[in-house]
Amino acid sequence: MELTEEIKRLCQKKKAIILVHNYQPGEIQDIADFVGDSLELSRKAAETKAEIIIFCGVRFMAETAKILSPDRTVLLPDPEANCPLADMITSEGLKSLKAEHPDALVVSYVNTSAEVKAESDYCCTSANGIKVIDSLPTDRKIIFTPDSNLGRYLIEKTGKDLILWDGYCYVHHQRITLEGVRRAKSLHPEAKILVHPECLMEVIESADAVLSTKGMCEYVKREVADEFIIGTELGIIHRLSKENPTKRFYPVSEEAICESMKLTTLEKLERSLREEIHKIELDPQIVAQARSAIERMLAI
Ligand code: 13P
Ligand code: SF4
């Protein structure tokens, strides 16, 4: 309790805002000024007047906040909180793929480093991927990086033939399986199945809805159903249960845990804010180039 009070006091004194992703531990979500998915968090970062943004999530999310608010201090409470999916592509790798397809447009999932975004024409998130791809001219080739599962889902939904990078998220690709969905459904036959588009196609095909984390929160609120099978990272169940106390949530797998997301603690948050450590620092040239890709996405 004391730690929570101290964080709130520091936020007020330093004009700081706490932005928190839906996968963060419950006690971090509970102290947030705003909890959301990647798209909402980037919008919040773009519009905030706060002097410090303390970003509880993973590095690419904090970098996106810095790209959109370069004059603000952006802190990542644990500097080791990297997204393994984002680390599956480097700007060098993307440059080689671009060299093979010089006339292609490049759409990068927001789960990429600032350097990869700087090599991209557009960004997208799981919430707006279909819209972004649909908005592109039909006569241009499109490279999509780095998540191949989201890429295949976008091909299916938009009918466009994307050139894919071979990346994946270990939480969604390896720990959320069709077998897990079937097991959960046999135990809870009335439950609606919600999955994230980073899951394998066979998992996606078994679902009632394929949604970003924000999409799942909205779906659960408006549906009359009482039970839901959740095919994404476990952290979201804290928020779903808090906002819908009469509804029941069953994870596809108890092992669907993103270790990087769980590195944030109240202690690290307090220290990072007090000492203003673990600042996101980016090359201004990279910021300018990456910003265009994010702004093109936000404009769609
Ligand atoms: P959302 O944008 O749906 O919150 O997803 C982010 C993410 O990292 C999924 O693994
Ligand atoms: Fe990255 Fe997967 Fe963790 Fe999301 S859940 S932050 S994609 S490793």
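All ligand and atom numbering here is 1-based and tracks the order in the structure. Bear in mind the structure is a predicted one, so any value in this text is a computation, not a measurement. Residue indices begin at 1 and follow the sequence shown.
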Short side-chain to backbone donor-acceptor contact, Lys160 and Leu136, under 3.5 Å: yes
Which of the numbered atoms in ligand 1 are under 4.0 angstrom from any heavy atom belonging to Glu198? 7 (C), 9 (C), 10 (O)
Aromatic plane relationship, His172 with Tyr23 - under 30° parallel, 30 to 60° tilted, over 60° perpendicular: tilted
So if I count the atoms of ligand 1 from 1 in the order they appear, which ones are less than 4.0 Å from some heavy atom of His172? 10 (O)
Are Glu198 and Tyr109 linked by a side-chain donor-acceptor pair shorter than 3.5 Å? yes
the protein heavy atom lying closest to atom 5 (O) of ligand 1 turns out to be His196 NE2, 3.3 Å
Pairwise distance OH(Tyr250) to NZ(Lys185) - rounded to 0.5 angstrom: 11.5 Å
Measure up the Phe249 and Phe228 rings against each other and bin them: parallel (under 30°), tilted (30 to 60°), perpendicular (over 60°). parallel
Would you mind checking which non-hydrogen protein atom is closest to atom 8 (O) of ligand 1, with the distance to 0.1 Å? Asn111 ND2, 3.3 Å
Main-chain N/O of Ala81 paired to Arg59 side chain as donor or acceptor, under 3.5 Å: no
Is a side-chain donor-acceptor pair under 3.5 Å present for His238 with Asn22? no
Given that the side chain starts at C-beta and the backbone is N, CA, C, O, which of these parts of Thr125 lies under 4.0 Å from ligand 1, counting heavy atoms, or is it both or neither? neither
State the atoms of ligand 1, each with its element, that fall below the 4.0 Å cut-off from a heavy-atom position in Asp37. 1 (P), 2 (O), 4 (O)
When you look for heavy atoms under 4.0 Å from ligand 1, do you find them on the side chain of Lys214, its backbone, both, or neither? neither
N/O of Ser126 under 3.5 Å from N/O of ligand 1, yes or no? yes
Answer yes or no: is there a donor N or O on one side and an acceptor on the other, between the side chain of Glu223 and the main chain of Val220, under 3.5 Å? no
Quick test of your reading of the model: are Asp226 and Lys247 salt-bridged, counting only N-O distances below 4.0 Å? no
Is a salt bridge present between Arg274 and Glu267, judged by a nitrogen-to-oxygen distance below 4.0 Å? no
Best match, Cys169, Ser38, Pro197: closest heavy atom to atom 2 (O) of ligand 1: Ser38
Option passing salt bridge (Lys or Arg N to Asp or Glu O under 4.0 Å) with Glu276 (candidates Arg271, Lys14, Arg72): Lys14
Would you kindly specify which portion of Ser212 sits under 4.0 Å from ligand 1, judged on non-hydrogen atoms: side chain, backbone, both or neither? both
What do we get for Asn111 next to ligand 2 when only non-hydrogen atoms under 4.0 Å count, side chain, backbone, both or neither? side chain
Any salt bridge between Glu218 and Lys214, counting N to O under 4.0 Å? yes
Residue and atom, protein N/O/S, under 2.8 Å of atom 3 (Fe) of ligand 2: Cys258 SG
Taking both backbone and side-chain atoms of Asn22, is any N or O found less than 3.5 Å from an N or O belonging to ligand 1? no
